[in-house]
Amino acid sequence: MRVILTRDSVHPGDDPPHHWDFTVDPTTTLGDLIDRAVDYPYRIDGSSWSAALEGAPADEAPIATVSMHWAKPRFTNEADRQLRLDSVTTAPGELGLHFRYHPGTVPVEEREEPEPVPAKGTGPGVLSMVPLFPLGLLFEAVRWYWER
């Protein structure tokens, strides 16, 4: 199954398209997909991202919310982590997941100790170095990491 991740723009000059697509087994669960996609959106201090199925109304509850300040995604009560992706496809053989940006939504008292960033820009922590990378290089690094 083809998964297409998209996200909101976060500042002027952060022009669309913002998407990343990859293939997963159709029996992958929604929880596993969110866990895998957690580092797709920018890691911006004090902000969070809510993940919703592509095409879902803006007022519909998201599946989960992610932030660089939390050790793992926070799933909403309505989301079933064990739901198989092939049961929630947005098109035959395809699933779209959109991350909505929420600036300044993580109060200081809710911030957890961040996980250590791996050495030499490897692993998911590389996204915490966004200001140091040209965006094209950053997205290529992320794509390389997830496709290996």
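Residue numbers start at 1 and run along the sequence shown.
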J.: Please name all residues satisfying ring-ring contact (aromatic ring centres under 6.0 Å, His included) with Tyr101, sequence neighbours left out, ordered by chain then number.
T.: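 Partners of Tyr101 under the ring-ring contact (aromatic ring centres under 6.0 Å, His included) test: Trp49.
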
J.: Would you please name every residue forming a salt bridge (charged side-chain N to carboxylate O under 4.0 Å, His left out) with Asp21, sequence neighbours left out?
T.: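 Only Arg2 meet the salt bridge (charged side-chain N to carboxylate O under 4.0 Å, His left out) criterion with Asp21.
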
J.: Which residue pairs pass the salt bridge (charged side-chain N to carboxylate O under 4.0 Å, His left out) test with at least one member in residues 23-36, sequence neighbours excluded?
T.: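 Sorted result for residues 23-36: Asp35-Arg81.
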
J.: Is any side-chain heavy atom of Val24 closer than 4.5 Å to one of Leu85?
T.: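 Result yes, sub-4.5 Å side-chain heavy-atom pair found.
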
J.: For Ser47, is there any backbone N or O sitting under 3.5 Å from a side-chain donor or acceptor partner on Ser67?
T.: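 The answer is yes, because a donor-acceptor pair under 3.5 Å joins these two groups.
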
J.: Evaluate the criterion side chain to side chain donor-acceptor pair (under 3.5 Å) for residue pair Asp8 and His18; output intermediate values, then yes/no.
T.: CA-CA 7 Å; Asp8 289 346; His18 303 297; over 6 Å; no

J.: Taking all non-hydrogen atoms of both residues into account, name the closest pair between Pro41 and Val66 and its distance.
T.: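 Heavy atoms of Pro41 and Val66 come nearest at CG-CG2, 4.3 Å.
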
J.: Output all residues satisfying side-chain hydrogen bond (donor to acceptor under 3.5 Å, both in side chains) with Ser50, sequence neighbours left out; order by chain, then residue number.
T.: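 Scan of Ser50 (side-chain hydrogen bond (donor to acceptor under 3.5 Å, both in side chains), adjacent residues dropped) gives His102.
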
J.: Flag the pair Leu83 / Thr29 as yes when at least one side-chain heavy-atom distance between them is below 4.5 Å, and no otherwise.
T.: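 Side-chain contact under 4.5 Å: no.
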
J.: Does Ser48 have any side-chain hydrogen bond (donor to acceptor under 3.5 Å, both in side chains) partners at least two apart in sequence or in another chain, and if so, which?
T.: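 Thr105.
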
J.: Of the non-hydrogen atoms in Ala52 and Arg100, which two are nearest, and what is the gap between them?
T.: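 For Ala52 versus Arg100, the nearest heavy atoms are CB-NH1, 3.2 Å.
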
J.: If you round to the nearest 0.5 Å, how far is CZ of Arg84 from OG1 of Thr27?
T.: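 So the gap between those two atoms works out to 5.5 Å.
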
J.: Can you name the one residue among Thr6, Ile4, Leu97 that meets side chain to side chain contact (heavy atoms under 4.5 Å, CB included) with Glu54?
T.: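 Output: one option passes, namely Thr6.
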
J.: For Phe99 and Ala51, work out which heavy atoms get closest and say how close.
T.: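 Scanning both residues completely, I find the closest heavy atoms to be CE2-CB, 3.7 Å.
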
J.: Could you tell me which non-hydrogen atom of Thr76 sits nearest to which non-hydrogen atom of Pro62, and how far apart they are?
T.: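 Looking at all heavy atoms of both residues, the shortest contact is OG1-O, 2.8 Å.
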
J.: Evaluate the side-chain proximity of Leu5 to Phe22: yes if any heavy-atom separation is below 4.5 Å, no if none is.
T.: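 The answer is yes, as the side chains (C-beta and beyond) meet within the 4.5 Å cut-off.
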
